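Letters A, B, ... mirror the listed sequences (proteins, then strands); counts begin at 1. Keep in mind it's a predicted model, so treat the numbers as computed, not measured.
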Protein chains: 2
Amino acid sequence: MGTEDAAGKPLAEQVYENVSRLIVSGELAAGEPLVQEKIAAQFDVSRTPVRDALTQLTTDGLATLVASRGYFVTDLSRNQVEDVFEVRAALEELALRSAFGRHTPKDLLHLRTLAAEARLCSPTDGMEVFDVSLRFHRRLVEPCPNGYMLELLGSVWSHPVQRRIALTYKPGQEHVERVASDHERIIDALEAHDLAKATEILRICHDPADERGGPIVE
Amino acid sequence: MGTEDAAGKPLAEQVYENVSRLIVSGELAAGEPLVQEKIAAQFDVSRTPVRDALTQLTTDGLATLVASRGYFVTDLSRNQVEDVFEVRAALEELALRSAFGRHTPKDLLHLRTLAAEARLCSPTDGMEVFDVSLRFHRRLVEPCPNGYMLELLGSVWSHPVQRRIALTYKPGQEHVERVASDHERIIDALEAHDLAKATEILRICHDPADERGGPIVE
DNA sequence: ACAGTACACACTGTATACAGTAGACTGAAG
DNA sequence: CTTCAGTCTACTGTATACAGTGTGTACTGT
């Protein structure tokens, strides 16, 4: 057998994505053992790509390696949701401060489009709303000249907890509207060169009660 | 062969540490190819643990995987030193704010010890000074209740750039003294319940011109 | 001299076999 | 009924063989 299969991606990557999705969605419960051989059988590959995937899942915090006992699904609830959101808020604010004044008219236009896009989301699809919102935030801080900051933010955004939330919350119509208008107000503030106002609204965006929409299952 | 050798650690871990050190110290130049077979031969192991190590090095940003071409040493100079320091400073300040008021008398005592330890360092051993200083900073923010924040800070502290600097700078006597006294002044501020002062001194600590001691080779 | 093609090489991707270890289970002895 | 020892089993750690891919290179034809 060659290097890649029909999907054109290395098997390790495919396994990583599949197992990752299973963990984030909760189909694989916290603490559940991740046995190389079983996963290999499940996806009809050998243990080698499974090992690669597990190593990566471990460094990503989705799996935990216990001594020479085995791999287990990390307990996401321990990585406190509040903690991640607090860090995300703080980092985004820092990045926005650095990005402030660097948005081109084109950037702002693009942001407007992204903000409006939120209204087109299905109010019942948490993942979609979350995704659109994230794209806005990503774009918002992109002009920040500190590459490492953006890199770190990227890892916060893709933190398991974030994706877990996206899968489990039900936004509702008024929340979708709220997201869109908050985002638009941030753009307004940027256009008015009002950093204080922009960060203030950004903080509201990150108010857990608002961003999450609903309660988290755990 | 079994699972572990004389050192008692999995081979993958040993390989990771060795290659990591070679990269950080600059013995393996940026862009240099990291060939599995050669590394395997060099450390007298098979390709399997080498693969594991390389996967981890890649997610750590020390190595880069190009298509199905091969692994290469990441160019550290691209991960701007300034960027990492800026993020480190910002995150540490955030963490210190959260930790403020949570230091027990025992914590403060321990911090005093760590601060004083800097004076015992050899002024020519950059690594030692850096290490002692890092231990202080780590301890300083430890009471921060946000586990994720501390986790993220951990990854910033262990960023290749940080270690590279530690290896390449020459502190000098007056710098060692400066580190110790800065640290002590932070403790003074904490004991006086003066958050503003503590963060102010912390910021000085992170002034690149000060923290680095000397110019960076690149 | 130059372009195009075929080949060889170097490397990763993958599969699989075997060795070692730590907990689980079973049985006997107290 | 409890406790301990011995074995069993399930899993990871490791080595290695083979397949596939992309790049450089030599060779051919013009």
Side-chain angles (χ1 to χ4, degrees), chain A residues 1-20 22-23 28-75, chain B residues 1-20 22-23 28-75:
Chain A
M1 239 136 288
T3 59
E4 302 169 0
D5 94 332
K9 281 179 181 178
L11 294 183
E13 211 168 311
Q14 294 180 43
V15 172
Y16 174 88
E17 281 164 11
N18 280 311
V19 176
S20 159
L22 290 174
I23 295 175
L28 278 169
E32 205 136 331
L34 295 166
V35 179
Q36 296 179 5
E37 192 107 25
K38 287 187 182 166
I39 297 173
Q42 189 174 344
F43 297 108
D44 199 37
V45 296
S46 83
R47 270 178 59 209
T48 307
V50 174
R51 278 183 67 81
D52 285 357
L54 285 177
T55 322
Q56 219 178 322
L57 284 166
T58 302
T59 64
D60 286 0
L62 280 168
T64 312
L65 173 60
V66 180
S68 61
R69 281 293 297 143
Y71 290 86
F72 300 89
V73 176
T74 303
D75 189 351
Chain B
M1 236 140 287
T3 58
E4 302 169 3
D5 94 331
K9 280 179 180 176
L11 293 183
E13 212 168 310
Q14 294 179 44
V15 172
Y16 173 88
E17 282 165 11
N18 279 312
V19 175
S20 159
L22 289 175
I23 295 175
L28 278 169
E32 204 135 331
L34 295 165
V35 179
Q36 295 179 5
E37 192 106 26
K38 287 188 182 167
I39 297 173
Q42 189 173 343
F43 297 108
D44 199 37
V45 297
S46 82
R47 271 179 56 209
T48 308
V50 174
R51 279 183 66 80
D52 286 358
L54 285 178
T55 320
Q56 220 178 323
L57 284 166
T58 302
T59 65
D60 286 1
L62 280 170
T64 311
L65 173 59
V66 180
S68 62
R69 281 293 296 147
Y71 290 86
F72 300 88
V73 176
T74 303
D75 189 353

[N] [atom2] sits how many Å from [X] [atom1], rounded?
X        : N       : atom1 : atom2 : result
Phe43(B) : dA15(D) : CZ    : C1'   : 18 Å
Arg47(B) : dG13(D) : CZ    : P     : 18 Å
Leu34(A) : dA10(D) : CG    : C1'   : 15 Å
Asp52(B) : dT14(C) : CG    : C1'   : 14 Å
Arg51(A) : dT14(C) : CZ    : C1'   : 14 Å
Lys38(A) : dC11(D) : NZ    : C1'   : 10 Å
Tyr71(A) : dA10(D) : OH    : C1'   : 16 Å
Asp44(A) : dT14(C) : CG    : C1'   : 13 Å

Between Ala12(A) and Val35(B), which residue's closest nucleotide on DNA chain C lies nearer the 5′ terminus?
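Taking each residue's closest nucleotide, the earlier one in sequence belongs to Val35(B).
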Out of [options], whichever nucleotide has its closest atom nearest the side chain of [X]:
X        : options                   : result
Glu37(A) : dA15(D), dT12(D), dT14(C) : dT12(D)
Val45(B) : dG13(C), dA15(D), dG13(D) : dA15(D)
Gln36(A) : dT12(D), dA15(C), dT14(D) : dT12(D)
Arg69(A) : dG13(D), dA22(C), dT14(C) : dA22(C)

Please determine which of Leu62(A), Ile39(A), Val50(A) meets the side-chain contact (heavy atoms from CB on, under 4.5 Å) test together with Val19(A).
Ile39(A)
Distance test, side-chain N/O of Thr48(A) to OP1/OP2 of dT14(C), below 4.0 Å
no
Would you say Glu17(A) has more than 12 foreign heavy atoms packed within less than 6.0 Å of its CD?
yes
Compare every heavy atom of Pro49(B) with every heavy atom of Leu11(B), then report the nearest pair and how far apart it is.
CB-CB, 3.9 Å
For residues Ala53(B) and Ala12(B), report the shortest heavy-atom separation together with the two atoms involved.
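Looking at all heavy atoms of both residues, the closest pair is CB-O, 3.6 Å.
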Within the 4.0 Å heavy-atom criterion, would you say Leu54(A) contacts the bases, only the backbone, or no part of the nucleic acid?
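Leu54(A): no heavy atom of the nucleic acid under 4.0 Å.
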Whether the side chain of Thr55(A) engages the backbone of Asp52(B) through a donor-acceptor N/O pair (distance < 3.5 Å, no angle test) should be reported.
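Between the backbone of Asp52(B) and the side chain of Thr55(A) there is no qualifying donor-acceptor contact (under 3.5 Å).
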